[in-house]
Number of protein chains: 2
Amino acid sequence: MLIRDPDATRRSLLEAAFEEIRLRGYRGASLSRILAKTDVTKGALYHHFPDKKALGYAVVDEILRDMIHEKWITPLAEGNPIDRMLETLHLEGCRVASEKTLTGCPLNNLAQEMSALDTGFRKRIAVVFALWRKGISTALQRGQAEGSVRRNVDTDAAATFVVAAVEGCIGMAKSGNDLELLYTCGAGLTQYLESLRESDLATPSHANKQQKRR
Amino acid sequence: MLIRDPDATRRSLLEAAFEEIRLRGYRGASLSRILAKTDVTKGALYHHFPDKKALGYAVVDEILRDMIHEKWITPLAEGNPIDRMLETLHLEGCRVASEKTLTGCPLNNLAQEMSALDTGFRKRIAVVFALWRKGISTALQRGQAEGSVRRNVDTDAAATFVVAAVEGCIGMAKSGNDLELLYTCGAGLTQYLESLRESDLATPSHANKQQKRR
DNA sequence: GAATCAACATACCGACCAGTATGTATGTAG
DNA sequence: CTACATACATACTGGTCGGTATGTTGATTC
């Protein structure tokens, strides 16, 4: 190695680890492959991260967190929240559709693989999901204040269901490696989002009631 | 071994493999642990299954398929489909809630782990999901004929969204290891199911239109 | 420019794992 | 009773993996 740039080294390890985890999962991710792809040696890796788990944690805390922020927090910061979510959903659909074999959502893939096996992963991933839900809930509240979202909607509950449904739709498409499933599910989700919209003609019978459980 | 019962041997291997996969995923499943738990030797295992993958395939074809059939096909074979689905959802909620650390849905766990990595798994799992969707769609059609389900509902699309949302809800609860998330999501799903119900007072504005994509 | 430390580099280790080679015992058909 | 196939049992192998011990080099400080 001619010149040294520890920050860049760390960053390239993180990104390669993210890609490796995206393709093979955390447990299927091989440090040797990450090192080969980055031209970093094992000594350098273990200088920046104490062990494989720490590398995985950092991927959640830095890469996946930023990913959700870019996709779901920033775009919903202003404008009509329902419209913005429909746009984001469309973008996400295009991203999913761009792969030959659908790999799904990196965050949810890791969540489903590791949540039951390691509380360190679980808690870190839960933080990112909570951030995501918070972004949607806040946007919906703003929509209520601006008159674009029905006032009897429980924004926290709606946000939780939206996130669950998004991951469910992506997972369904991945299971069958079939975009038609993605579009069909997306239609169901769109229908739900539309039911949150304030409209002078609509009846409140199908709106999300202020309810906490069951 | 005193007496021989090859069918029982095979069955116990299948069930132990299912449990091992449920807890650690297919790739995390260890043949040694399966053998230890069943008191079967490696020679016997490789007599019944050519390799680990064949064992995994058999778990999908036999165990997981039966599981979905028992939970989602048989109960929906008669009666009001919406009510039956709400009951099934309740039962499934109880099952998920019975674990200290939530492991989620065995079918979807395996689907998310393996679909992008192995087409053999993917196609077998897709068959089970298709069976599931078909059971719901058929039940909804019967509901339409009997007057309990809105006639303008696209039953295939609704079935697909229901399956996706169910898995999304379970996955969300697993991610946070939080039953509150399960109940919140379940409320959203219940709301969607209720929107499919035929009712003299309801307006059709939120019903699932006859649409194919987008 | 000597000392020091962060930032790498290389070689090696023990554990685990799927799979195999080879052998043995049990049931069954003639 | 013999022959043979099914149903097991045991011991071993090659490969991959995460992790470590130890050595080297580039940057920084005084």
Side-chain angles (χ1 to χ4, degrees), chain A residues 1-60 62 110 113-114 117-121 124, chain B residues 1-60 62 110 113-114 117-121 124:
Chain A
M1 171 159 278
L2 293 85
I3 59 163
R4 284 182 171 174
D5 188 346
D7 288 352
T9 301
R10 200 190 112 97
R11 183 70 195 176
S12 78
L13 282 171
L14 264 186
E15 287 172 1
F18 166 72
E19 187 63 12
E20 177 79 0
I21 290 172
R22 197 180 71 81
L23 292 176
R24 308 181 193 254
Y26 169 74
R27 288 173 302 169
S30 154
L31 295 183
S32 337
R33 267 194 301 264
I34 292 173
L35 296 175
K37 194 152 45 184
T38 51
D39 273 321
V40 170
T41 61
K42 198 164 260 196
L45 188 154
Y46 277 90
H47 172 74
H48 287 284
F49 301 96
D51 53 19
K52 188 190 181 188
K53 201 176 277 190
L55 178 60
Y57 288 174
V59 166
V60 179
E62 304 179 35
L110 191 56
E113 180 190 2
M114 297 308 297
L117 298 178
D118 183 277
T119 62
F121 270 112
R124 283 169 171 81
Chain B
M1 170 159 279
L2 293 84
I3 59 163
R4 284 184 171 175
D5 189 344
D7 288 352
T9 301
R10 199 190 111 98
R11 183 70 196 175
S12 78
L13 283 171
L14 265 185
E15 288 172 1
F18 165 73
E19 188 63 11
E20 177 78 1
I21 290 172
R22 195 179 72 80
L23 293 177
R24 307 179 194 256
Y26 169 75
R27 288 172 302 170
S30 153
L31 295 184
S32 338
R33 268 193 301 262
I34 292 173
L35 296 175
K37 192 151 45 182
T38 52
D39 273 320
V40 171
T41 61
K42 199 163 258 195
L45 188 153
Y46 278 92
H47 172 75
H48 287 284
F49 301 96
D51 53 19
K52 187 190 181 186
K53 201 177 276 188
L55 178 60
Y57 288 175
V59 166
V60 179
E62 305 178 36
L110 191 57
E113 180 189 2
M114 297 308 296
L117 297 177
D118 182 279
T119 63
F121 269 111
R124 283 168 171 82

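This structure is a prediction, so every number in the text was calculated from the model and none was measured.
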Check your understanding: How long is the line joining CD1 of B:Ile34 and C1' of C:dC16, in whole Å?
Key -> 15 Å
Check your understanding: Expressed in angstrom and rounded to an integer, what is the separation of B:Asp5 atom CG from D:dT6 atom P?
Key -> 17 Å
Exercise for review: Tell me which nucleotide among D:dG26, D:dT10, D:dT20 gets nearest to the side chain of A:Arg4.
Suggested key: D:dG26
Review point. Do any N or O atoms from the side chain of A:Lys53 and from the backbone of A:Phe121 form a donor-acceptor pair under 3.5 angstrom?
Key: no
Check your understanding: Quick one: NZ on B:Lys52 to CG on B:Leu45, what's the gap to the nearest 0.5 Å?
Key -> 11.0 Å
Exercise for review: Indicate whether OP1 or OP2 belonging to D:dC8 is found under 4.0 Å from a side-chain N or O atom of B:Thr9.
Suggested key: yes
Revision key, fill the gap. Of the listed D:dC8, C:dC17, C:dA7, the closest approach to the A:Pro6 side chain comes from C:dA7
Exercise for review: Take the protein atom NZ of B:Lys52 and the nucleotide atom C1' of D:dT16, then report the distance between them rounded to whole Å.
Suggested key: 14 Å
Check your understanding: Does the side chain of A:His47 get closer than 4.0 angstrom to OP1 or OP2 of C:dC8 through an N or O atom?
Key -> no
**Study point:** Whole-Å distance separating the CG atom of A:Leu13 from the P atom of D:dG18
**Key:** 14 Å
Review point. Looking at D:dG18, C:dC8, D:dA27, which one has an atom nearest to any side-chain atom of A:Leu31?
Key: D:dG18
Practice item. Identify whether any heavy atom of A:Ala29 sits under 4.0 Å from a base atom; if not, whether one sits that close to sugar-phosphate; answer base, sugar-phosphate or nothing. Key: sugar-phosphate
Check your understanding: So which of B:Glu62, B:His48, B:Glu15 actually passes side-chain hydrogen bond (donor to acceptor under 3.5 Å, both in side chains) with B:Arg10?
Key -> B:Glu62
Check your understanding: Between atom CE of A:Met114 and atom OH of A:Tyr26, what is the distance when rounded to the nearest 0.5 Å?
Key -> 6.0 Å
Check your understanding: C:dC16 C1' sits how many Å from B:Leu35 CG, rounded?
Key -> 14 Å
Check your understanding: In terms of the nearest nucleotide of DNA chain D, which residue is placed more toward the 5' end: A:Pro50 or B:Gly43?
Key -> B:Gly43
Practice item. Let me know the distance between NE2 of B:His48 and C1' of D:dC8, rounded to the nearest Å. Key: 8 Å
Exercise for review: Give a yes/no on whether any side-chain N or O of B:Thr41 is located under 4.0 angstrom from OP1 or OP2 of D:dC8.
Suggested key: no
Exercise for review: Ignoring hydrogens and angles, answer whether the base of D:dG18 and the side-chain atoms of A:Lys42 contain a donor-acceptor pair closer than 3.5 Å.
Suggested key: yes
Point to revise | Atom-pair distance (CZ on B:Phe49; P on C:dA18), nearest Å | key: 15 Å
Review point. Counting N and O atoms only, with roles assigned by atom type, does the side chain of A:Glu113 sit under 3.5 Å from a partner on the main chain of B:Glu113, one being a donor and the other an acceptor?
Key: no
**Study point:** Closest listed nucleotide, where the reference is the side chain of A:Tyr46 and the choices are C:dA6, D:dT20, C:dC17
**Key:** D:dT20
Review point. Does A:Ser32 make a side-chain N or O approach to OP1 or OP2 of D:dC17 shorter than 4.0 Å?
Key: yes
